[in-house]
Asker: 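Quick one: this structure, given as structure tokens, is what I'll be asking you about.
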Amino acid sequence: MKIRLKSPLYRMNVKRQLILLFLVAIIPFFVLNAYGNYRAGQILKQHVTNAYIELNKQNFKLISRDIEAINKVSSTVFQNALLQKLNPVSREETVLERVKNYENLEKVLASYSQDSDEREPLYYSLYVYDPDNTYSFAPFYPGPRKSGVYFFDDGEKPEWFDEAIGKKGRGYLRLVEHLSPPTRGQSSQKTLAYIRAINSIYTNGTIGVLVVTNLDARIGESLRTVSLPEGELFFTDGENRILAASTPGHEAVLSLPAEADSGEAMIGVTNVITDKFIYVINYNYVLQQKLVYKVPLQALLQQQNEIKQVIQLISIVYFAVGLFILLYFWRSLMTPLQRLVYFVRRYEPGNVVPETPRMKRNDEISVLIYTIYDMARRLNSLVHYKYAMDLKQKESQLQLLYQQINPHLLYNTLESIYWKSTLEGNTASAEMIKELSKLMKISLSRGRELITLEEELEHASAYIKLQQHRYEYQFHVGIDIPAELLPLAIPKITLQPLIENAIIHGVRHMGEDGEIWISASGDEEHLFIRIEDNGYKSVDYDRINRQLHKENPDPSFGYGIGNINQRIKLHFGASFGLSYAGRPGGGTRVTLHLPKSLQDREQQELGQDGKQK
């Protein structure tokens, strides 16, 4: 048993379906609008972040290149012969030689401090520990924007000097608050410095510390070349201490989200998108350096918000237009349809149809209403016509019943003649009359179209005996049909015309040499009946088979076998019927192909016909 699922729409009237259609058209639009805005924001954030990543890489390379250049210069200073010979504790040098060494070192450091590319200059200074004050003539007033050689004793030692010595010749960046111990009236000495201890090649001791100052101005100059929408750039060390920034007034330590932690990676780039900011971080923990872009999302997405407002305005207009269309169709479509439904529900065939409503439109609704009213009027006409035809049919059936009395009267009359001829001794005439009465009886068959093969053989046998009396038994007929096939159904008056053809066109002029064979066979589904003769005339079997399969056969071909073939196909289907072929040894064979499985159906049909009659 098949379970049919009914759509919920079938339970809704057109009004509700129209409202549902409107909601189905509107709701996905707003959902897609919201999803599109969300995805557009995500894509914009990601694309901008990718662009900042590339920009950050370039700026980080530029800053790294500056620091690498400072490192190379410091290596050159490290190998300078004058600097390597510097030894404040030595007593072998005269004061004059020390003055000359001091002047030469000042010139060397001043030459490195000159910058020819119009960028912010860097200042190279050398700080030497002079506990015995052997270079007392050298002034000690360092500054972030000047280079020089400074000798100091224990009372003037900078706070970062011992830290630099502890790095063992490795250069590093440090935000220096004071280049010398602070004193009253001293100007600000705060600067980002590159600090590196200079070791002696000959004694493996420390000569002094090389300090490159004004590095924050150089890096700040690089940071200012980047244009960000209200964003900030920070150059920090590995502990997020801010070494340089694009904007003043920031805190000493940069606060980054937890997602910005790079894990175990030492060099690379990462990005974090929070609710308020985009962070793009290029880091190198080997050098303890970071370059951080901090961009506020509000400024970045301002243009997108303007686009969102335009889309929202479009959505409102779309909703208003959709609502207007819904109201228009509600009035122009639903009102006429409701009137039409009211008429259809009240209409009964045969009742008077009211006048068709006049509508000033020429659309499909007007055509539908006009057509339904017109169809109702035509249906009324058909009802009256069918009533009249039913009366005529009853009259015709009565006439047919009267006319059926005549064949039965003829059959009864032949039976009376048969018995009269038998009593008078006319045996041959009586036998012919008896066979003729059998033909009449089977032809009537109580109005049945299908009879058993046994009944059809009785009809054919009666015809054969009449013909044998006519031709004085000049030809022989053999019948070989198994008993189990006799109850099967077959259209009546099927074998007689084929036997007649075999007599007329086959054995009529052959005398006692003429023979006709009737046989049958079958399988589980099919029944095959063959009628064969040993006639000597040539026959075009292909032409006969072609004529049997034509819809409009040639009238000169005859109607007998064509009528049989059409009746078989009408009863059982196009795959059944007649076929002609030559008989081995000479003559003609015609085969009837019938279904074997229709016996029960035919019996049911006969039962129904019997009840009807």
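Sequence positions, counted from 1, serve as the residue numbers for this chain.
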Asker: Mind checking the CZ-OG spacing from Arg589 to Ser579? Nearest 0.5 Å is all I need.
Answerer: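 One gets 9.5 Å once the value is rounded to the nearest 0.5 Å.
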Asker: Strictly distance-based, threshold 3.5 Å: is any side-chain N or O of Lys596 a donor or acceptor partner for the main-chain N or O of Asp523?
Answerer: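 Judged by distance alone, yes, a pair lies under 3.5 Å.
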Asker: Distance-only, no hydrogens or angles: does the Glu532 side chain make a donor-acceptor pair with backbone N or O of Gly587 under 3.5 Å?
Answerer: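 No: the side chain of Glu532 does not pair with the backbone of Gly587.
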Asker: As a quick check of understanding, evaluate side chain to side chain donor-acceptor pair (under 3.5 Å) for Thr588 and Tyr541, giving each step before the final call.
Answerer: CA-CA 9 Å; Thr588 300; Tyr541 300 111; 3.0 Å; yes
Asker: For the atom pair CG (Leu592) and CD1 (Ile568), what is the distance rounded to the nearest 0.5 Å?
Answerer: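 Those atoms lie 4.5 Å apart.
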Asker: Can you measure from OG (Ser461) to CG (Leu495) and round to the nearest 0.5 angstrom?
Answerer: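 Reported value, rounded in 0.5 Å steps: 9.0 Å.
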Asker: Ignoring hydrogens and angles, tell me if any N or O in the side chain of Asp533 forms a donor-acceptor pair with the backbone of Gly506 under 3.5 Å.
Answerer: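 No, because the side chain of Asp533 does not come within donor-acceptor range (under 3.5 Å) of the backbone of Gly506.
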Asker: Is the closest side-chain heavy-atom distance between Leu486 and Ile481 below 4.5 Å?
Answerer: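 Of all side-chain heavy-atom pairs linking Ile481 with Leu486, at least one is under 4.5 Å.
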Asker: Enter the distance from His593:NE2 to Leu527:CG here, rounded to the nearest 0.5 Å.
Answerer: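 Reported to 0.5 Å precision, the distance equals 8.5 Å.
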Asker: With distance as the sole test, does Gln496 use its side chain to make a donor-acceptor pair with the main-chain N or O of Ile493 at under 3.5 Å?
Answerer: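 Checked: no pair found.
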Asker: Measure the shortest side-chain to side-chain distance between His505 and Val539 over non-hydrogen atoms and say whether it is less than 4.5 angstrom.
Answerer: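 No, too far: nothing below the 4.5 Å cut-off.
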Asker: Check whether any side-chain heavy atom of Asn563 lies under 4.5 Å from a side-chain heavy atom of Pro497, and answer yes or no.
Answerer: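 A side-chain contact is absent here, since even the closest heavy-atom pair is not under 4.5 Å.
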Asker: Return the CD1 to CD1 distance between Ile518 and Ile529, rounded to the nearest 0.5 Å.
Answerer: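 Rounded to the nearest 0.5 Å, the CD1-CD1 separation comes out at 9.5 Å.
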Asker: Using a strict 4.0 Å threshold on nitrogen-to-oxygen distance, state whether Arg378 and Asp374 make a salt bridge.
Answerer: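 A salt bridge is present here (some side-chain N lies under 4.0 Å from a carboxylate O).
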Asker: Side-chain contact, heavy-atom cut-off 4.5 Å: Met510 with Phe475?
Answerer: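 SC-SC contact between Met510 and Phe475 ruled out.
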Asker: Checking Asn534 against Trp517 for the side-chain contact (heavy atoms from CB on, under 4.5 Å) test, could you report, in this order, the C-alpha distance in whole Å, the side-chain angles of both residues, the deciding distance, and whether it holds?
Answerer: CA-CA 9 Å; Asn534 61 346; Trp517 297 273; 4.1 Å; yes
Asker: Taking the side chain as every heavy atom from C-beta outward, state whether Glu456 and Lys492 have any pair of such atoms under 4.5 Å apart.
Answerer: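 Yes, side chains in contact.
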Asker: When the ring planes of Phe572 and Phe576 are compared, do they come out parallel, tilted or perpendicular, using 30° and 60° as the limits?
Answerer: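 It falls in the perpendicular class, over 60°.
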Asker: Decide yes or no for Val590 and Asn501: does some side-chain heavy atom of the first lie under 4.5 Å from some side-chain heavy atom of the second?
Answerer: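 No; the side chains remain at least 4.5 Å from each other.
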Asker: In Å, rounded to the nearest 0.5 Å, how long is the span from CE of Met389 to CG of Leu382?
Answerer: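 If I round to the nearest 0.5 Å, the distance is 12.0 Å.
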Asker: Return the minimal non-hydrogen interatomic distance between Ile561 and Leu548, and the atom names on each side.
Answerer: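 Ile561 and Leu548 have their closest heavy atoms at O-CD2, 4.0 Å.
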